[in-house]
Amino acid sequence: MIYFFYGDEDFNIDKEVERLKSELDPNFIEMSYKVYDHPKFPDLIAVLRSQPMMFGKMLIVIDCVNYFSQTFEDKEIKEISAAIENNPDTLDIVFRAKISRDEGKKLDSRRKLFKLLVKTNSKEFPTIPTYK
């Protein structure tokens, strides 16, 4: 299953990832949980097509906030889309876009990658307002 968690509430994003991580087999956690920091396009495709090494599920977290400030070609978007559509049931992939609170920015929803990821299990984590 593909997830897309984005927003500037880092704590809640991490909490949601930890919830998914807790569903993994603790005996194989070293092999079944991986985090990637903005992999280049060929590496991204390889990660999206990876298979679990042992029995059970695998969870891959891809930090992707920088992808929304760069442009993917149409061919690359099609490849990413195909890899997402052919995702095996034993592989959970989380695209995680943590936005800095101080910037006051949002992800560009006009980008093709954003439109593609929003169709998956996406969830926005906006800032929780503080009360006096």
Side-chain angles (χ1 to χ4, degrees):
M1 186 159 295
I2 305 293
Y3 299 93
F4 178 41
F5 300 148
Y6 63 100
D8 51 9
E9 194 58 51
D10 294 357
F11 177 76
N12 289 338
I13 292 173
D14 291 339
K15 201 164 100 173
E16 195 68 24
V17 169
E18 285 300 317
R19 183 188 64 77
L20 292 171
K21 187 179 174 183
S22 70
E23 296 173 5
L24 299 174
D25 185 348
N27 297 321
F28 300 110
I29 199 76
E30 291 295 320
M31 291 188 295
S32 61
Y33 176 71
K34 301 286 182 195
V35 177
Y36 295 92
D37 186 24
H38 304 92
K40 295 190 184 314
F41 177 74
D43 298 328
L44 174 64
I45 293 300
V47 167
L48 293 176
R49 292 186 176 152
S50 60
Q51 297 290 326
M53 298 295 282
M54 298 299 277
F55 303 107
K57 294 190 91 149
M58 182 175 190
L59 176 63
I60 295 175
V61 178
I62 301 171
D63 288 320
C64 65
V65 73
N66 291 351
Y67 290 167
F68 298 100
S69 61
Q70 71 186 51
T71 304
F72 286 101
E73 296 176 17
D74 289 342
K75 178 182 162 188
E76 294 173 334
I77 291 291
K78 285 181 185 177
E79 253 187 275
I80 293 170
S81 177
I84 286 173
E85 287 174 14
N86 296 322
N87 182 46
D89 293 336
T90 56
L91 178 63
D92 288 341
I93 298 174
V94 175
F95 285 89
R96 178 172 64 183
K98 293 181 181 180
I99 304 166
S100 298
R101 275 186 194 218
D102 301 338
E103 292 180 13
K105 294 182 179 179
K106 292 192 174 248
L107 296 179
D108 188 355
S109 60
R110 299 170 295 174
R111 297 215 177 246
K112 291 178 183 178
L113 182 65
F114 185 87
K115 290 177 182 179
L116 175 66
L117 293 177
V118 153
K119 292 177 187 175
T120 65
N121 297 312
S122 65
K123 186 172 182 182
E124 182 177 9
F125 294 88
T127 302
I128 298 173
T130 56
Y131 298 100
K132 295 181 181 178

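As the structure is a prediction and not an experimental result, all values here were calculated from the model.
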Please name all residues satisfying side-chain contact (heavy atoms from CB on, under 4.5 Å) with Q70, sequence neighbours left out, ordered by chain then number.
Y67, F72
Tell me, please, which residues at least two apart from T71 pass side-chain contact (heavy atoms from CB on, under 4.5 Å).
R111
Is there a side-chain contact between F114 and Y6, using heavy atoms and a 4.5 Å cut-off?
yes
The reported gap from CE in M1 to OG1 in T120 (rounded to nearest 0.5 angstrom) is 10.0 Å
Working for side chain to side chain contact (heavy atoms under 4.5 Å, CB included), residues I99 and F68:
CA-CA 11 Å; I99 304 166; F68 298 100; over 6 Å; no
How far does CG of D8 sit from CG of D10, to the nearest 0.5 angstrom?
7.5 Å
With sequence neighbours left out, which residue pairs that include part of residues 89-99 fulfil the salt bridge (charged side-chain N to carboxylate O under 4.0 Å, His left out) condition?
D14-R96, D14-K98, K57-D92, D63-R96
Residues in side-chain hydrogen bond (donor to acceptor under 3.5 Å, both in side chains) contact with R110, at least two apart in sequence or another chain:
D108
Excluding sequence neighbours, so at least two apart, what forms salt bridge (charged side-chain N to carboxylate O under 4.0 Å, His left out) with E124?
K106
Note, I80 side chain near I45 side chain (heavy atom, < 4.5 Å):
yes
List for me each residue that meets side-chain contact (heavy atoms from CB on, under 4.5 Å) alongside K112, sequence neighbours excluded, and say none if there are none.
D74, I77
side-chain hydrogen bond (donor to acceptor under 3.5 Å, both in side chains) partners of K78, counting only residues at least two apart
none
Report, one line per pair, each donor and acceptor closer than 3.5 Å where one atom sits in a side chain of residues 30-41; sequence neighbours left out.
unit_1	atom_1	unit_2	atom_2	d
S32	OG	F28	O	2.8
K34	NZ	E30	O	3.3
H38	NE2	V65	N	3.3
H38	NE2	N66	N	3.2

Can you name the ring-ring contact (aromatic ring centres under 6.0 Å, His included) partners of F5, sequence neighbours left out?
Y3, F125
Quick check: closest heavy atoms across L91 and S50, and the distance to 0.1 Å?
CD2-O, 3.2 Å
Residues I13, K123; criterion side chain to side chain contact (heavy atoms under 4.5 Å, CB included); working and verdict:
CA-CA 9 Å; I13 292 173; K123 186 172 182 182; over 6 Å; no
For the residue pair F95 and L116, establish whether any side-chain heavy-atom pair is separated by less than 4.5 Å.
no
Can you confirm whether V61 sits close enough to L20 that some side-chain heavy atom of one is under 4.5 Å from a side-chain heavy atom of the other?
no
Taking atom CD of E23 as the centre, does the number of heavy atoms from other residues, nucleotides or ligands within less than 6.0 Å exceed 12?
yes
Should V47 and V17 be regarded as members of a common hydrophobic cluster, given that ILVMFWY residues are connected when their side-chain heavy atoms come within less than 4.5 Å of each other, either directly or indirectly?
no
For residues I84 and L117, determine if any side-chain heavy atom of one lies less than 4.5 Å from a side-chain heavy atom of the other.
yes
Those residues that, when tested against E16, pass side-chain hydrogen bond (donor to acceptor under 3.5 Å, both in side chains) (two or more places apart):
R19
Besides F11, the hydrophobic cluster formed by Ile, Leu, Val, Met, Phe, Trp and Tyr side chains linked at under 4.5 Å, directly or via other members, contains none
Per side chain to side chain contact (heavy atoms under 4.5 Å, CB included), L48 is matched among N87, I60, I62 by I62
Test of understanding: with side-chain hydrogen bond (donor to acceptor under 3.5 Å, both in side chains), list the residues that count as partners of E79, not counting sequence neighbours.
none
Answer yes if L59 and F4 sit in the same cluster of Ile, Leu, Val, Met, Phe, Trp and Tyr residues linked by side chain heavy atoms under 4.5 Å apart, and no otherwise.
no
